[in-house]
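Protein chains get the first letters and strands the later ones, always in sequence-line order, with residue 1 at the start of each. This structure is a prediction, so every number in the text was calculated from the model and none was measured.
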Amino acid sequence: MTDFSRLVISWFHQNGRDLPWRQTSDPYRIWLSEVIMQQTRVAQGRKYYERFCERFPAINNLAEAHEEEVLEIWQGLGYYSRARNLHAAAKWVMEEKEGVFPDKYEEIIKMKGVGEYTAAAVSSFAFHEDQVVVDGNVLRVFSRIFGIADDIRLPKTRKQIYDYVRNHLPLGESWNYNQSIMELGALICTPSQPNCQNCPVSIFCEARRTNRQASIPFKSKSKERRKRFLNYLLFQVGDEYLFFRRGEKDIWEGLFEPFLLETDRIFSGHEISAAVEKVAPNHEFSAFSFPVEKHILSHQELFVAVWLIKTQGRPEINNGRWVHEKDLAALPKPIIFSKIMGLKKGSTLPLTF
DNA sequence: AAACCGGGGAC
DNA sequence: GTCCCAGGTTT
């Protein structure tokens, strides 16, 4: 153990947060927390962790569930492939590993949705394996400690930091050390205005010595967001609504949405009316528009218009699912629809054209 | 190596 | 508005 690792671990034991997944040694729950927390803040993820633990206390409960229920509980967390992979991995452990959670990095990383970081985290935290755990926090802490000013987005730079961390790993104590560094990044060595006054290892920090905390880590600009225009026809008959499951290789895979018309602009009322007559010919209808909402994803900018279309009798559209009003909340769907459908409906279209 | 996969909150 | 968050998979 070096002075550096001793100081960081000591700081963690005195200042670390009391998070629910730190109170268990169950590898299933540690894995669950790691997947939920991928690219997710603690404030957002912890209620999902509690919800999953309550509904699926053990890995067999998760494996036996329907994917749709897993997606339902995941609703609103984003990156929905995490939920589908989580479920698939649970089934894999039950079917291929006799229900016993793998206890080695080399096996854990074979689970769907588990990459280098998560495999290291689970093997380190649950089984005390000496693995380097490198997440966003660790990259930031060590780029500053070592004064690495290269673009943190480049794999080459990440590999360099990764190698530094591995060479400084306190063997036997790394499970403790890894958590300590991550917590230091979350509470002290923050992206903007790091709290160097209260940092236990500021005397080791190259960025602080050269007063470059604000410029390290350096990150190149991200690409501009693609704009998309989504016009939705929400067909309603009585107290039932028509939804469709989204397919592969796009946002929101596996989630449900109303009938979609994606175009290069938001449709006018007349264009919506014409579209309804094409999609549901010979059905009298009335239409109400919800306010158009802008929805920002990390790499896309969505303009979402929903029109409530009430028809007499069900239009015949392939692969649709009619959902009763009382089941709407449990339907796995992008969070934007919960928001829009809670809004007050606006203009009315003429009944017939 | 780069693109793609969400949603929320801090600034 | 910009950035980032207990990253992973696909191309």
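- Residues forming a ring pair (Phe, Tyr, Trp, His ring centres under 6.0 Å) with A:His283 (at least two apart in sequence, or on another chain): none.
- Residues passing the ring pair (Phe, Tyr, Trp, His ring centres under 6.0 Å) test with A:Tyr232, sequence neighbours excluded: A:Phe337.
- Remark: C1' of B:dA2 and NZ of A:Lys156 are 17 Å apart, rounded to the nearest angstrom.
- Boundaries of the chain A contact region on DNA chain C are C:dC3 to C:dT11, first to last in 5' to 3' order (nucleotide atom under 4.0 Å from a heavy atom).
- In this structure, A:Lys221 reaches the sugar-phosphate backbone alone: every heavy-atom distance under 4.0 Å involves primed, P, OP1 or OP2 atoms, never a base.
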Would you mind writing out the side-chain donor-acceptor pairs for residues 86-93 of chain A within the sub-3.5 Å range, not counting sequence neighbours?
{"residue": "A:His87", "atom": "NE2", "partner": "A:Ala65", "partner atom": "O", "Å": "2.8"}

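- Using a 4.0 Å heavy-atom criterion, one finds that A:Val35 contacts no nucleic acid atom at all.
- Of the residues in residues 129-140 of chain A, A:Asp135, A:Gly136, A:Asn137, A:Arg140 come within less than 4.0 Å of DNA chain C through at least one heavy atom, sorted by number.
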Nucleotide by nucleotide, nucleotides 4-11 of chain B touches protein heavy atoms under 4.0 Å in the pattern (B base, S sugar-phosphate only, - none) SBBBB---
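- Positionally, the nearest nucleotide of DNA chain C for A:Pro217 lies more toward the 5' end than for the other of A:Asn85 and A:Pro217.
- Here the shortest heavy-atom pairing between A:Ile216 and A:Arg144 reads O-NE, 2.8 Å.
- For an aromatic pair to be called close, the ring centres must be under 6.0 Å apart, and A:His168 with A:Phe204 fails this.
- Under the ring pair (Phe, Tyr, Trp, His ring centres under 6.0 Å) criterion, A:Tyr49 pairs with A:Trp21, sequence neighbours left out.
- A side chain to side chain contact (heavy atoms under 4.5 Å, CB included) with A:Ile336 is found for one member of A:Glu293, A:Glu257, A:Lys294 and no other, namely A:Glu293.
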Side-chain donor-acceptor pairs of residues 135-142 of chain A under 3.5 Å, sequence neighbours excluded:
{"residue": "A:Asp135", "atom": "OD1", "partner": "A:Asn137", "partner atom": "N", "Å": "3.2"}
{"residue": "A:Asp135", "atom": "OD1", "partner": "A:Val138", "partner atom": "N", "Å": "2.9"}
{"residue": "A:Asp135", "atom": "OD2", "partner": "A:Asn137", "partner atom": "ND2", "Å": "3.1"}
{"residue": "A:Asn137", "atom": "OD1", "partner": "A:Arg140", "partner atom": "NH2", "Å": "2.8"}
{"residue": "A:Arg140", "atom": "NE", "partner": "A:Cys189", "partner atom": "O", "Å": "2.6"}
{"residue": "A:Arg140", "atom": "NH2", "partner": "A:Gly185", "partner atom": "O", "Å": "2.8"}
{"residue": "A:Arg140", "atom": "NH2", "partner": "A:Cys189", "partner atom": "O", "Å": "3.4"}

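- Among the protein residues, A:Ser33 comes within range of no part of the nucleic acid, since none of its heavy atoms lies under 4.0 Å from any strand.
- For A:Ser33, there are no side-chain hydrogen bond (donor to acceptor under 3.5 Å, both in side chains) partners, not counting sequence neighbours.
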Show me the side-chain donor-acceptor pairs of residues 318-331 of chain A shorter than 3.5 Å, one per line, residues at least two apart or across chains.
{"residue": "A:Arg321", "atom": "NH1", "partner": "A:Glu68", "partner atom": "OE2", "Å": "2.8"}
{"residue": "A:Arg321", "atom": "NH2", "partner": "A:Glu68", "partner atom": "OE1", "Å": "3.0"}
{"residue": "A:His324", "atom": "ND1", "partner": "A:Lys326", "partner atom": "N", "Å": "3.1"}
{"residue": "A:His324", "atom": "NE2", "partner": "A:Asp239", "partner atom": "OD2", "Å": "3.3"}
{"residue": "A:Glu325", "atom": "OE1", "partner": "A:Tyr241", "partner atom": "OH", "Å": "3.3"}

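- Listed by first and then second residue, the side chain to side chain donor-acceptor pair (under 3.5 Å) pairs involving residues 117-128 of chain A are A:Glu34-A:Tyr117, A:Gln38-A:Thr118, A:Ser124-A:Asn178 (not counting sequence neighbours).
- Of the residues in residues 170-185 of chain A, none lies under 4.0 Å from DNA chain B by heavy-atom distance.
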Task: Stepwise side chain to side chain contact (heavy atoms under 4.5 Å, CB included) test for A:Phe235 and A:Val279 - done: CA-CA 11 Å; A:Phe235 287 100; A:Val279 172; 4.0 Å; yes
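- Of the P atoms belonging to B:dG8 and C:dG8, the separation is 22 Å, rounded to the nearest Å.
- As rounded to the nearest Å, B:dC4 and C:dA6 have P atoms that lie 25 Å from one another.
- Cluster annotation: A:Val201 is connected to A:Met1 through the hydrophobic network of ILVMFWY side chains, with a link wherever side-chain heavy atoms come within less than 4.5 Å.
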